[in-house]
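The block underneath contains the structure these notes are about, expressed in structure tokens.
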Amino acid sequence: MKALLYTAPESLRYTEVADVVAPTDHQIVRIDSVGICGSDMHAFLGHDDRRPAPLILGHEGAGTVIGGELDGKHVTINPLVTCSQCRACLAGRDNLCETRQILSMPPREGAFAQLVAVPKQNLVIVPQSFPLSQAALAEPIAVGWHAVRLGLEAAASDIPNSAVVFGGGAIGVASALCLSHHGIADITLIEPNELRRDYLKESANYGVEAPSKISGHRFDFAIDSVGIDATREAASAVVNPGGVILHIGLGGGSAGLDIRRMTLQEVTMIGTYTYTAHDFRNTCEAMFERRLGPLDWTEARPLAAGARAFDDIRNGRVAAPKILLQPE
């Protein structure tokens, strides 16, 4: 089969690789669409030692099952594989599983390929009328869904009045959509790239602003989908007393939080990682029922042109929050 293979830092090659073999309790999925995630970019740049080359990256996939019990079914993939038996799994917090694995991280190859093997329990059936290109967004949207759920559980009031989201990539956009879905009306998304900012302003049902526009404002929620020193600093500066910071991004660094202010103002800081299986299925249900908007904020490119897509994202030449790669 053909795959986009990560061969070394800053090197991707579209090439022939060995066909997928499905272990017991797995299904083979023919990929229709697979998104490029920020974690794929970190790996590509050589910044993630959990993803050593050579490796097939990609974990945001949707496609059609080939063979087995679900043959012919359209599915979207929950790439987080858990044991179902450890303390975290039994508590319903399976995203914290002691032995968790994820597609695109050894020992599991990813979905930048024509085919991928996935545990049956990690597949969510997609209605035939729902586009697989949109179903591939379930993974990043579930990240935002999980973060918002944790924030609402921690919030001092039943429904916070306002929220700011740092980062206009797919997870930032997903977070804004999930905030809106859960009843928060005053939402501002901060995006430094003018090209993407203009793109989002055309259809977003929330505010989209440059970082300079946030000075002097306060918010009940601050969601950092970037995770660098500058966005952590901004989040801790603008969150209201008693508010909540939700830290999703893994951009790097360890500074930025104003710990003194957070202590004096009783600000809650929550690190939020991926999603539970329950969050993932709830996200899919909301998507399929069109409760999260039209999901039209993507750009599709051939998998064979994946290396160019990575280069364009790296250099800020992509307006859409998400590029989907599609095998031929």
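The structure presented is a predicted model; accordingly, all values stated were derived computationally and were not measured.
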Given 3.5 Å as the limit, does a donor-acceptor pair link the side chain of [X] with the main chain of [Y], or not?
{"X": "Asp40", "Y": "Gly58", "answer": "yes"}
{"X": "Asn122", "Y": "Leu80", "answer": "yes"}
{"X": "His26", "Y": "Thr24", "answer": "yes"}
{"X": "Arg197", "Y": "Pro192", "answer": "yes"}
{"X": "Arg100", "Y": "Asn95", "answer": "yes"}
{"X": "Ser180", "Y": "Ala176", "answer": "no"}
{"X": "Arg301", "Y": "Leu325", "answer": "no"}
{"X": "Gln114", "Y": "Glu328", "answer": "yes"}
{"X": "Asp94", "Y": "Cys97", "answer": "no"}

To the nearest 0.5 Å, what is the distance between [atom1] on [X] and [atom2] on [Y]?
{"X": "Phe166", "Y": "His247", "atom1": "CZ", "atom2": "NE2", "result": "11.0 Å"}
{"X": "Leu96", "Y": "Cys86", "atom1": "CG", "atom2": "SG", "result": "8.5 Å"}
{"X": "Ile313", "Y": "Ile36", "atom1": "CD1", "atom2": "CD1", "result": "4.0 Å"}
{"X": "Ser33", "Y": "Glu60", "atom1": "OG", "atom2": "CD", "result": "11.5 Å"}
{"X": "Ser175", "Y": "His146", "atom1": "OG", "atom2": "NE2", "result": "11.0 Å"}
{"X": "Phe288", "Y": "Arg291", "atom1": "CZ", "atom2": "CZ", "result": "11.5 Å"}

Using side chain to side chain contact (heavy atoms under 4.5 Å, CB included), reason through His217 and Thr188 one step at a time and then give a plain yes or no.
CA-CA 10 Å; His217 294 273; Thr188 302; over 6 Å; no
Salt bridge between [X] and [Y], side-chain N to carboxylate O under 4.0 Å?
{"X": "Asp311", "Y": "Arg317", "result": "yes"}
{"X": "Asp198", "Y": "Lys201", "result": "no"}
{"X": "Glu153", "Y": "Arg149", "result": "yes"}

Please work out which of the three classes, parallel, tilted or perpendicular, describes the rings of Tyr275 and Phe280, given edges at 30° and 60°.
tilted
Are Asp220 and Asn240 linked by a side-chain donor-acceptor pair shorter than 3.5 Å?
yes
More than 12 heavy atoms of other residues, nucleotides or ligands under 6.0 Å from [atom1] of [X]: is that the case?
{"X": "Arg93", "atom1": "CZ", "result": "no"}
{"X": "Glu266", "atom1": "CD", "result": "no"}
{"X": "Leu250", "atom1": "CG", "result": "no"}
{"X": "Glu194", "atom1": "CD", "result": "no"}

Give me the atom names and distance for the closest heavy-atom approach of [X] to [Y].
{"X": "Ser84", "Y": "Cys89", "value": "N-SG, 3.4 Å"}
{"X": "Leu152", "Y": "Pro160", "value": "CD2-CD, 3.6 Å"}
{"X": "Leu57", "Y": "Arg51", "value": "CD2-CD, 3.9 Å"}
{"X": "Ala255", "Y": "Asp229", "value": "N-OD1, 3.0 Å"}
{"X": "Leu257", "Y": "Arg232", "value": "CD2-O, 3.9 Å"}
{"X": "Val239", "Y": "Val244", "value": "CG2-N, 3.6 Å"}

Is any side-chain heavy atom of [X] closer than 4.5 Å to a side-chain heavy atom of [Y]?
{"X": "Val17", "Y": "Met1", "result": "yes"}
{"X": "Val34", "Y": "Ile77", "result": "no"}
{"X": "Leu179", "Y": "Tyr206", "result": "no"}
{"X": "Thr64", "Y": "Leu132", "result": "yes"}
{"X": "Trp145", "Y": "His182", "result": "yes"}
{"X": "Val267", "Y": "Ser236", "result": "no"}
{"X": "Leu55", "Y": "Pro106", "result": "yes"}
{"X": "Glu98", "Y": "Cys83", "result": "no"}

Do [X] and [Y] share a hydrophobic cluster (ILVMFWY, side-chain heavy atoms under 4.5 Å, transitive)?
{"X": "Val65", "Y": "Val116", "value": "yes"}
{"X": "Ile223", "Y": "Trp297", "value": "yes"}
{"X": "Val20", "Y": "Leu5", "value": "yes"}
{"X": "Val143", "Y": "Ile228", "value": "no"}
{"X": "Ile31", "Y": "Val124", "value": "no"}

Please test Leu295 against Ile141 for side chain to side chain contact (heavy atoms under 4.5 Å, CB included), starting from the C-alpha separation and ending with a verdict.
CA-CA 10 Å; Leu295 307 179; Ile141 295 177; 3.7 Å; yes
Begin with the C-alpha distance, continue with both residues' side-chain angles, and end with the deciding distance and a verdict on side chain to side chain contact (heavy atoms under 4.5 Å, CB included) for Thr231 and Ile190.
CA-CA 10 Å; Thr231 51; Ile190 303 300; over 6 Å; no
Could you walk me through whether Val126 and Lys73 pass the side chain to side chain contact (heavy atoms under 4.5 Å, CB included) check?
CA-CA 8 Å; Val126 177; Lys73 296 289 188 182; over 6 Å; no
